[in-house]
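Everything below concerns the one structure shown next.
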Number of protein chains: 2
Amino acid sequence: MTNRVRRTMPILPISIVMQLTDLTARQIRYYEEQQLISPARTEGNKRMFSLNDVDALLEIKDYLEQGLNVAGIRKLYETKVMPLNDQAEPKTLSDAELRSLLREEMKHQARPFSQASQRHGDLSRFFK
Amino acid sequence: MTNRVRRTMPILPISIVMQLTDLTARQIRYYEEQQLISPARTEGNKRMFSLNDVDALLEIKDYLEQGLNVAGIRKLYETKVMPLNDQAEPKTLSDAELRSLLREEMKHQARPFSQASQRHGDLSRFFK
DNA sequence: AAACAGATGTTAGATTTTCTAACATTAAAT
DNA sequence: ATTTAATGTTAGAAAATCTAACATCTGTTT
């Protein structure tokens, strides 16, 4: 009775993900194009999202609001600074790269990356 | 991070519910027609299912496998012997009705209704 | 100021998914 | 042998989603 969803199981159509995240379909597809997420596909090529995907989208949204750009977020994911995604092989950041990311964050009053802001980043708004 | 889904929120399309329950679309629609479930609808009239709906379907499936028929299951739901659904107003069963239900169960080696069989009845197969 | 780039909006046309309704089949009960 | 409950199958319509292209907006760079 007290089950947690297998968070990697693709069960949600894009329409529902739009509701859960307050993102447009355009935004979601763009973030996929930019390799920030990679939702599953049905046989008929429709995207199907897992709860982890939704979490990731909420984090992405939050980072964008903090002033990061897509490239910066991608870098964060690549380097596994963030634990959320089952990502490809992590690489190490050069000092220059790291400083560049940090500087970008500084520009926008952002706290250094804890789990994004606590207001978003997971589904506590919708799940209990 | 460790969230349970709001189990009444309609988030699943019928295709996914088919996978989760191993029921056909025909069966699912039939059970709705027979008032065993009442999934939400999108603006465009597509069914959207909650996790509670999926639980209910798994229970229905189990009861059918135990030899109950739809009418019997409906009666069970109506009389709130089962807690699962937010059903209409419960009525009391006449003794005759109750005996009739029980007899039907007896015919098929069924244990008296605990929460259906433990093998089904909730989503532990898919959720963790 | 003009040009550019990143993020998102909008639209069109094609494809997939889901819908209802009707008729068919199967197995069990009478 | 009929009848009925549950499910299968099919057809045609409507909704949801897809890709691709072009538009817009905002902030940077030259």
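Residue numbers begin at 1 in each chain, while the letters A, B, ... track the order of the sequences.
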Here the distance between atom P of D:dA6 and atom CG of B:Leu23, to the nearest Å, is 14 Å
When rounded to whole Å, the CG to P distance for the pair A:Asp22 and C:dG9 reads 12 Å
Of the listed D:dA6, C:dT17, D:dC22, the closest approach to the A:Arg26 side chain comes from D:dC22
Rounded to whole Å, the CD-C1' distance (A:Glu33 to D:dA21) equals 12 Å
Among the nucleotides C:dT20, D:dT19, D:dA15, whichever has the atom closest to the side chain of B:Asn45 is C:dT20
Closest to the side chain of A:Thr42, out of D:dC18, C:dT16, C:dG9, is C:dT16
Here the distance between atom P of C:dT16 and atom NZ of B:Lys46, to the nearest Å, is 16 Å
Closest to the side chain of B:Ser15, out of C:dT18, C:dT17, C:dG9, is C:dT18
ask   = Would you say A:Lys61's side chain and A:Thr21's backbone share a donor-acceptor pair under 3.5 angstrom?
value = yes
Does B:Tyr31 place a side-chain N or O at less than 4.0 Å from the phosphate oxygens OP1/OP2 of D:dA6?
no
Apply the test salt bridge (charged side-chain N to carboxylate O under 4.0 Å, His left out) to residues B:Glu32 and B:Arg41: give CA-CA distance (whole Å), side-chain angles for both, the deciding distance (0.1 Å), then the verdict.
-> CA-CA 12 Å; B:Glu32 178 185 24; B:Arg41 298 287 184 132; 3.4 Å; yes
In whole angstroms, the gap separating P of C:dT17 from CZ of B:Arg41 amounts to 19 Å
Please determine whether a side-chain nitrogen or oxygen atom of B:Arg47 lies at a distance below 4.0 Å from atom OP1 or OP2 of C:dT18. no
Separation of C:dT17 atom C1' from A:Ile14 atom CD1, nearest Å, is 15 Å
Winner on side-chain proximity to B:Tyr30, out of D:dT19, D:dA5, C:dA7, is D:dA5
Quiz item: Salt bridge or not for A:Arg74 and A:Glu33, using N-O below 4.0 Å?
Solution: no
- Charged N-O contact under 4.0 Å between B:Asp53 and B:Arg7: no
> What does B:Arg29 touch in the nucleic acid at a heavy-atom separation under 4.0 angstrom: a base, only the sugar-phosphate, or nothing?
Replying inline: base
Assert: residue with more 5' nearest nucleotide on DNA chain D, out of A:Met48 and B:Val70, is B:Val70
In terms of heavy-atom contacts, B:Ile37 and B:Ile28 come closest through CD1-O, 3.9 Å
B:Ile28 atom CD1 is separated from C:dT20 atom C1', nearest whole Å, by 16 Å
In whole angstroms, the gap separating P of D:dA14 from CD of B:Glu43 amounts to 17 Å
